[in-house]
**Student:** 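Below: one structure in structure tokens.
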Number of protein chains: 2
Amino acid sequence: MNRRLTTRGKERRRQLLEFATQRFADNGYHPTSVAEIVQGLGVGKGVFYWYFDSKEQLFIEILREAQQDLRRTQQQAIEGEDDPIARIELGIRSTMLWSAEHENYYKLTQFAITEERFLPSLRKGQEVAIKDVMRHVQDGIDRGLIRDTSADYIAQGILGLSTQLVRVFIHEKHRSPDEVADEAIALILDGIHTGDRSAAAPI
Amino acid sequence: MNRRLTTRGKERRRQLLEFATQRFADNGYHPTSVAEIVQGLGVGKGVFYWYFDSKEQLFIEILREAQQDLRRTQQQAIEGEDDPIARIELGIRSTMLWSAEHENYYKLTQFAITEERFLPSLRKGQEVAIKDVMRHVQDGIDRGLIRDTSADYIAQGILGLSTQLVRVFIHEKHRSPDEVADEAIALILDGIHTGDRSAAAPI
DNA sequence: TGAGTTCTTGACCGTACGGTCAAGAAACGG
DNA sequence: CCGTTTCTTGACCGTACGGTCAAGAACTCA
């Protein structure tokens, strides 16, 4: 579906994307019908199929945009910083902020995991994210700043820990992104063990 | 739906639960119809509604059983161990093993997160799991074995990190549960920082 | 102004869904 | 053996879904 869109057309497309995102996040993907989406915008059903091939393609489009937007945010946050550990920290902080402001996208991503047909679109974005983190981790290992173990386990661990803290503390308990980021970073850098070095954690 | 079931009845109910679990995990909850489930067992549709009120109730029942089964496994794994850090480690190891053997349940849980109406049943189980971990964490803090920070962040962090490693390394990359558990425990206990103490990590 | 394009309408289509129910088979209990 | 309960059948119901399409409105641009 690659149409030439006028300004009006782009506007309409954006409306559809945003309204659908909201409904998908609130009610779930399957329970939200195309009829519901066009009714919510007060337009005919044909409008939907003028801009998108199918409900499925619309959803994939939403995922793609979300991944793009998050990545752009992270890149901006870490640019100009050289220390790999500081880069990881900045990445986590910006992710927490972004997640707090885009709970809808977060929910949609969680759902997408559960259906085979959405996994391909997801994996692409996940792989990019993991590669970003792994690059900093490997860099940290090379400079002797990070324990020399499997960079992929570390990268996935960082992602998983951050994701869970976002869900529980930001989206459910409504703590501030800053507080959550502090805790995430402390855990990631030094784990839970007590020890003389742990007092020196702050970068 | 509290019927008095004969042996045959219990058997039928179990068949329905197991077959539905498989299909839900393979194709997703919504794409799997009740008709498909009863056809798969070669029985009439009425059979389904003799044992369950609705498709939704069946799904909730599956979730409940999975949570119960995992918890029982964890409890068995840690009984008799006194050291809180060793208890956490044993809990993680048994969870990894269980997850490797019950990928279906894992997938269903991931889906359940994405629909409002399943959240209540989920939260109950999650809260129990978190409380279990938090008790050990608090115990560890009291004995000076664990850094004295918010036990809830630590507990959620452990859960999130473990969950992600299970998904990626056990279910997608098919690594052994033991290897994954080793990495998870190393990260949780000591974080990613280098440092003299990190060599003493193994319990 | 008028031809061409973009955009919108909403009735309509076939299908598949979750769920019901009257009827009867099978098993149980005395 | 018979009455009762448990279990099974499968046609049927109303509904809602994703998607189509002929027709026309709105806009663009020469």
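Chain identifiers are assigned alphabetically (A, B, ...) following the order of the sequence lines, protein sequences preceding nucleic acid strands; residue numbering begins at 1 within each chain. All values derive from a computational prediction rather than experimental measurement.
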**Student:** Atom CG of A:Leu41 to atom C1' of C:dT9: distance rounded to whole Å?
**Tutor:**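 Atom CG in A:Leu41 sits about 15 Å away from atom C1' in C:dT9.
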**Student:** How would you list all residue pairs meeting ring-ring contact (aromatic ring centres under 6.0 Å, His included) that involve residues 137-168 of chain B, not counting sequence neighbours?
**Tutor:**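 Matches after skipping sequence neighbours: A:Phe169-B:Tyr153.
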**Student:** So if I take every side-chain heavy atom of A:Trp50 and compare against C:dT9, D:dT9, C:dC7, which nucleotide ends up nearest?
**Tutor:** C:dC7
**Student:** What's the CZ-P distance between A:Arg3 and C:dT8, to the nearest Å?
**Tutor:**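 Nearest whole value for this atom pair: 11 Å.
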**Student:** Enumerate the residue pairs fulfilling salt bridge (Lys or Arg N to Asp or Glu O under 4.0 Å) with a member in residues 150-160 of chain B, sequence neighbours excluded, ordered by first and then second residue.
**Tutor:**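 Listed once each, the pairs are A:Arg175-B:Asp152.
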**Student:** Checking contacts here: which listed nucleotide (C:dT8, D:dT8, D:dT6) is nearest the side-chain heavy atoms of B:Tyr51?
**Tutor:** D:dT8
**Student:** Rounded to the Å, how far apart are A:Arg4 CZ and C:dG4 C1'?
**Tutor:** 11 Å
**Student:** List the protein contact pattern of nucleotides 16-30 of chain D with one symbol per nucleotide (5' to 3'): B for base contact, S for sugar-phosphate-only contact, - for none; contact means a heavy-atom distance under 4.0 Å.
**Tutor:** -SBBBB-----S---
**Student:** For A:Leu90, enumerate each residue passing the side chain to side chain contact (heavy atoms under 4.5 Å, CB included) test, keeping only those at least two apart in sequence or located in another chain.
**Tutor:**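 Partners of A:Leu90 under the side chain to side chain contact (heavy atoms under 4.5 Å, CB included) test: A:Ile78, A:Glu81.
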**Student:** Would you call A:Asp26 and A:Lys107 a salt bridge, using N to O less than 4.0 angstrom?
**Tutor:**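 Not counted as a salt bridge, because no side-chain N and carboxylate O are separated by less than 4.0 Å.
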**Student:** Whether the side chain of A:Thr32 engages the backbone of A:Arg23 through a donor-acceptor N/O pair (distance < 3.5 Å, no angle test) should be reported.
**Tutor:**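 Yes.
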**Student:** Can you list, in residue-number order, the parts of residues 11-23 of chain A that come under 4.0 Å of DNA chain C, counting heavy atoms only?
**Tutor:** A:Arg12
**Student:** Using a 3.5 Å distance criterion without hydrogens, assess whether the side chain of A:Arg167 forms a donor-acceptor pair with backbone atoms of A:Glu172.
**Tutor:**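 No; zero donor-acceptor contacts below 3.5 Å.
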**Student:** Contact class for A:Val47 (heavy atom, under 4.0 Å): base, sugar-phosphate, or nothing?
**Tutor:** base
**Student:** Which pairs pass ring-ring contact (aromatic ring centres under 6.0 Å, His included) with one or both residues in residues 52-74 of chain B, sequence neighbours excluded?
**Tutor:**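 Of all non-adjacent pairs touching residues 52-74 of chain B, those that pass ring-ring contact (aromatic ring centres under 6.0 Å, His included) are B:Phe24-B:Phe59, B:Tyr29-B:Phe59, B:Phe48-B:Phe52, B:Phe59-B:Phe111, B:Phe59-B:Phe118.
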**Student:** I'd like to know if A:Asp132 and A:Arg71 make a salt bridge, using a cut-off of under 4.0 Å between side-chain N and carboxylate O.
**Tutor:**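 The answer is yes: the pair qualifies as a salt bridge.
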